[in-house]
Novice: 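Here's a structure for you.
Letters A, B, ... mirror the listed sequences (proteins, then strands); counts begin at 1.
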Amino acid sequence: EADIYQTPRYLVIGTGKKITLECSQTMGHDKMYWYQQDPGMELHLIHYSYGVNSTEKGDLSSESTVSRIRTEHFPLTLESARPSHTSQYLCASSEGLSYNEQFFGPGTRLTVL
Amino acid sequence: LAKTTQPISMDSYEGQEVNITCSHNNIATNDYITWYQQFPSQGPRFIIQGYKTKVTNEVASLFIPADRKSSTLSLPRVSLSDTAVYYCLVGGSGTYKYIFGTGTRLKVLA
């Protein structure tokens, strides 16, 4: 059983608000990822991290930002939420070689009104 | 990054064996082939991974021909609970930007 957690699971918020989606893992994995997925659509990588203080943007351009100050924690922040940010956000982690298994969290379903 | 191509959807009946084939013509020498399963409103879950020939675990088998330009995920005797989206990914060491693509939407019918 993978120990990767995301909070909140569901969030409904008004336009212009700042939000932070939390992701934590207790497996000591060095690599962490954020994906964005609309219902029934592709999973898109928006951020990833090799380790502490290392973050990179993924393939899908996103207005969100991430930080990796601690190994176990990889929060995602939206400074000013917009309806176009409505989506499911999935966090994942992996260890060792980059093609190793990624463990996914349960996701946060964000709705911006 | 090696691009993968899979059927968009498949239907099967309970108890049948399901084979989902993925094409990856540009696979690199150090690339591995990995399959994930995703249920609605959940994150993907790792099923199986292989480099060449055949790999089998408790839930699936993965067949990879010698040229490695394709792979086939085999699910023996599917049940209704196997209804999900199945993704084929290709990548090796140094590949961080995995492309999940649209996957194959498998529907198992009673």
Novice: Tell me whether B/Arg105 at atom CZ has more than 12 heavy atoms from other residues, nucleotides or ligands lying less than 6.0 Å away.
Specialist: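 12 or below, so no.
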Novice: For chain A, which residues of residues 36-46 of chain B have at least one non-hydrogen atom nearer than 4.5 Å to it?
Specialist: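 The residues closer than 4.5 Å to chain A, in numerical order, are B/Tyr36, B/Gln38, B/Ser41, B/Gln42, B/Gly43, B/Pro44, B/Phe46.
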Novice: By side-chain contact (heavy atoms from CB on, under 4.5 Å), which residues pair with B/Lys54, not counting sequence neighbours?
Specialist: B/Thr56, B/Ser61, B/Phe63
Novice: Examine A/Leu90 and A/Ile46 and state if one hydrophobic cluster contains both, with Ile, Leu, Val, Met, Phe, Trp and Tyr joined whenever side-chain heavy atoms are less than 4.5 Å apart.
Specialist: no
Novice: According to a hydrophobic-cluster definition based on side-chain heavy atoms being under 4.5 Å apart (Ile, Leu, Val, Met, Phe, Trp, Tyr only), do B/Val59 and B/Ile48 belong together?
Specialist: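 Yes, same cluster.
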Novice: What distance do A/Leu43 atom CG and B/Tyr87 atom OH have between them, rounded to the nearest 0.5 Å?
Specialist: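 Here the rounded value is 5.5 Å.
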Novice: Taking 4.5 Å as the heavy-atom cut-off, does anything in residues 70-78 of chain B contact chain A, and if so which residues?
Specialist: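 Answer by number: none.
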Novice: Do you know which of A/Gln6, A/Gln37, A/Met41 has the most heavy-atom pairs under 4.5 Å to chain B?
Specialist: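 Of A/Gln6, A/Gln37, A/Met41, A/Gln37 has the most heavy-atom pairs under 4.5 Å with chain B.
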Novice: If hydrophobic clusters are built by linking Ile, Leu, Val, Met, Phe, Trp and Tyr wherever their side-chain heavy atoms come under 4.5 Å apart, do B/Leu89 and B/Tyr51 end up in the same one?
Specialist: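 B/Leu89 and B/Tyr51: one cluster.
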Novice: Linking I/L/V/M/F/W/Y whenever any side-chain heavy atoms sit under 4.5 Å apart, do A/Tyr89 and A/Ile4 land together?
Specialist: no
Novice: Kindly compute the distance separating CD (A/Glu101) from CD1 (B/Ile47), expressed to the nearest 0.5 Å.
Specialist: 10.5 Å
Novice: Is it the case that over 12 heavy atoms from other parts of the model lie below 6.0 angstrom from the CD1 atom of B/Ile8?
Specialist: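 At most 12 heavy atoms, drawn from other residues, nucleotides or ligands, come within 6.0 Å of this atom.
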Novice: Give me each pair satisfying salt bridge (charged side-chain N to carboxylate O under 4.0 Å, His left out) with a member in residues 62-82 of chain A, each pair once, sequence neighbours excluded.
Specialist: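 Qualifying pairs: A/Lys18-A/Glu79, A/Glu63-A/Arg82, A/Arg70-A/Glu72.
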Novice: Is it true that A/Leu78 and A/Met32 fall in one hydrophobic cluster, defined by side-chain heavy atoms closer than 4.5 Å?
Specialist: yes
Novice: Heavy-atom cut-off 4.5 Å, strictly under: side chain, backbone, both or neither for B/Thr102 against chain A?
Specialist: both
